[in-house]
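Below is one structure, written out as structure tokens; comments come after it.
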Amino acid sequence: MEYIFKSEKSIKTIEEIRKFLLSDRWMAILFAVSMIIVGLHSHLPKEGFHIWGSVVLAYITGICFLFTGDVMAMLIPTLFTYLVAIRCYNSLAAFKEIWYLAIPLAIMLLFNLIVYGKKPTIKGSQFLPMLLVSFAVTIGGVGVISKEDYFGGAAIYNMLGIGFGMLFVYCILFPRISTDNGYSLIEKLTKIMVFVGLAGALMIIAHYIININDVIDKGGILYMRWRNNTSTILMMAMPFAFFSANKKSYSIIIGFIFYLAMLLTGSRGGMVFGTIELVMCIVMFVLYDRRRRLAYAIICGCFVIVALIFLPEITQFLNYTLKRLFRVLNEFLLGGEDTETRVRHYARGVEDFLNHPVFGTGLGNMTNRDIFKSKPGSLCWYHCEPIQIAGSFGTVGIVAFIYQFIKRNALIWKKATLFNMTIFLSYISLELMSLVNPGILCPVPYLLLITIFMIVVEKCDDGEAQEKIPILKKFREKRKEKKELVTK
């Protein structure tokens with residue numbers, strides 16, 4: 001912007017706008033706008049309101065891109081736009097009708113890349129594993145997949161989003177994310193994730209309040225087409241709520257609110273893996289946040305007591321989710337009626353890998369639509385990351401993705417800090433959710449978030465003062481004592 005407006009007054013105004021775009025007030029405004037759109041969508045019967053709400057937020061995001069090149073400032077409106085957009089389930093045809101509205105957004109993005117862009121770098125620790133994954137994704141299905149499927153719109157988007165496209169994003173974001181921007185990267189990312197998590201939780205709670213008559217009549221979970229996506233966002237946000245309790249103790253309660261909201265979605269993955277994540281968060285922060293151990297104990301105790309008192313009512317309310325969960329477990333473990341599409345997808349994925357063990361069948365392979373006819377613009381997902389990697393990319397993909405998984409964890413665990421462990425919990429929770437959903441293989445926002453997380457960890461390990469926590473310290477001390485005894 002300084003290239004266009006060169007007067008001191010203009011530059012000062014632009015700097016004030018940039019500070020505002022990183023402020024808590026701006027996040028609160030976006031929060032309010034998103035909730036208004038969600039509330040109106042629930043009340044107004046007119047089909048397409050949610051689509052126009054997504055467009056409004058997308059343009060707000062684009063305007064932000066005009067004024068700043070700061071990745072954190074760009075991330076804030078992007079995530080709020082996604083939260084509203086996930087309600088646009090099966091709306092590809094409607095978006096195609098307004099395709100021309102994407103042209104100004106593309107120009108804004110191009111403007112951002114040109115004006116605020118820095119020289120791309122390949123110095124990041126995740127460059128090589130992402131490069132190998134990009135090759136594996138691109139050559140997946142060679143000799144098997146048809147040209148029509150390989151070059152389909154959804155296939156190209158996801159191949160680029162998982163592969164070379166995300167690698168390019170990594171290279172241009174790495175030099176932009178810095179600890180020298182006048183604020184704490186750790187604190188800013190934490191606030192963003194907590195705000196977005198609160199928006200997701202309120203979106204679910206509002207859905208119940210607006211449809212309270214249906215809840216009373218049904219006496220149980222309300223159906224939501226966007227339950228898995230919202231649960232995934234909440235799972236990624238939950239560890240940050242616990243981490244923020246280092247400065248604001250009440251944030252502990254926010255973590256529990258995220259979990260309860262997950263249960264209200266009716267998502268089976270959210271119920272199972274959200275429970276596992278909640279336990280991991282409690283264990284992690286009870287061990288290493290000594291100042292608040294009593295608060296954790298009191299909150300957990302209250303939570304358990306209330307759960308036990310109202311166990312029959314809770315079980316009845318969650319009956320819809322529990323039935324669906326037990327049905328898929330029955331078919332997966334014991335072999336039932338073979339009605340669960342996920343179980344059939346798992347079996348087909350293993351079969352595809354065994355038939356094409358080197359390069360797999362390709363990400364855009366559509367021969368599995370006999371199991372479930374995917375929506376227009378989407379792929380035939382196996383709904384399980386390991387099976388997706390094996391079935392779509394073969395042994396080449398398995399090796400590349402395992403290497404990437406190792407390198408990500410090596411970076412996170414290189415310096416054991418409470419923030420790095422928060423990133424680990426968020427990342428590993430996404431990996432757990434990806435066992436039953438596309439999850440981390442969805443370029444935006446999940447893979448993009450993980451890509452940003454990795455850059456932030458790498459930059460903050462050296463650029464921000466962080467206290468190390470004694471991971472496995474007692475184990476090492478006992479091992480050392482045993483060695484000394486043996487030596488004696």
Under a 3.5 Å distance rule, please check whether Glu458 uses its side chain to pair with a backbone N or O of Ser125 as donor and acceptor. yes
Only pairs at least two apart or in different chains count here, so list each salt bridge (Lys or Arg N to Asp or Glu O under 4.0 Å) that has a residue in residues 361-370. Arg348-Asp370
Under 4.5 Å between any side-chain heavy atoms of Tyr382 and Ile389, yes or no? no
With no hydrogens and no angle check, is any side-chain donor or acceptor of Asp70 less than 3.5 Å from a backbone partner on Met72? yes
Under 3.5 Å, is there a donor-acceptor pair between the side chain of Asn420 and the main chain of Lys415? yes
Output, in order, the C-alpha distance, side-chain angles, deciding distance and verdict of side chain to side chain contact (heavy atoms under 4.5 Å, CB included) for Leu79 and Leu30. CA-CA 10 Å; Leu79 290 177; Leu30 285 174; over 6 Å; no
What do you reckon, is NZ of Lys414 surrounded by more than 12 foreign heavy atoms closer than 6.0 Å? no
Please check: side-chain N/O of Ser426 versus main-chain N/O of Thr422, any donor-acceptor pairing under 3.5 Å? no
Tell me whether the count of non-hydrogen atoms from other residues, nucleotides or ligands lying under 6.0 Å of NZ in Lys19 goes above 12. no
Any donor-acceptor pair under 3.5 Å linking the side chain of Arg324 with the backbone of Gly266? yes
Can you check whether His383's main-chain N or O pairs, donor with acceptor, with Arg342's side chain at less than 3.5 Å? no
Donor-acceptor under 3.5 Å (Tyr320 side chain, Tyr223 main chain): no
Keeping Ser146 on the side-chain end and Asp149 on the backbone end, is there a donor-acceptor pair under 3.5 Å? yes
Validation row: Tyr259, Glu277 side chains within 4.5 angstrom (heavy atoms): no
Tell me whether Phe135 at atom CZ has more than 12 heavy atoms from other residues, nucleotides or ligands lying less than 6.0 Å away. no
Do Leu234 and Met238 come within less than 4.5 Å of each other through their side chains, counting heavy atoms only? no
Between CG of Leu325 and CE of Met271, what distance do you get to the nearest 0.5 Å? 7.0 Å
Aromatic contact between Tyr170 and Phe174, with the criterion being ring centroids under 6.0 Å apart: yes or no? yes
If we count only N and O atoms by modelled type, under 3.5 Å, do the side chains of Thr265 and Ser231 hold a donor and an acceptor together? yes
Could you measure the distance from the CG atom of Asp24 to the CD1 atom of Ile76? Nearest 0.5 Å is fine. 8.5 Å
Report yes if some heavy atom in the side chain of Tyr208 is under 4.5 Å from a heavy atom in the side chain of Met224; otherwise report no. yes
Below 4.5 Å, heavy atoms only, C-beta onward: do Phe419 and Glu464 meet side chain to side chain? no
Tell me, do Phe393 and Thr361 make a side-chain contact under 4.5 Å, heavy atoms counted? no
Can I get a per-line list of side-chain donor-acceptor pairs under 3.5 Å for residues 443-456, giving both atom names and the distance, sequence neighbours left out?
from	atom 1	to	atom 2	distance (Å)
Tyr446	OH	Tyr82	OH	2.7
Tyr446	OH	Asn229	O	3.2
Tyr446	OH	Asn229	OD1	2.9
Thr451	OG1	Leu447	O	2.8

Under 3.5 Å: donor-acceptor pair, side chain of Tyr116, backbone of Leu66: yes
Can you check whether Thr321 reaches Ser267 side chain to side chain, under 4.5 Å on heavy atoms? no
Whether Lys188 side chain and Tyr183 backbone form a donor-acceptor pair below 3.5 Å: no
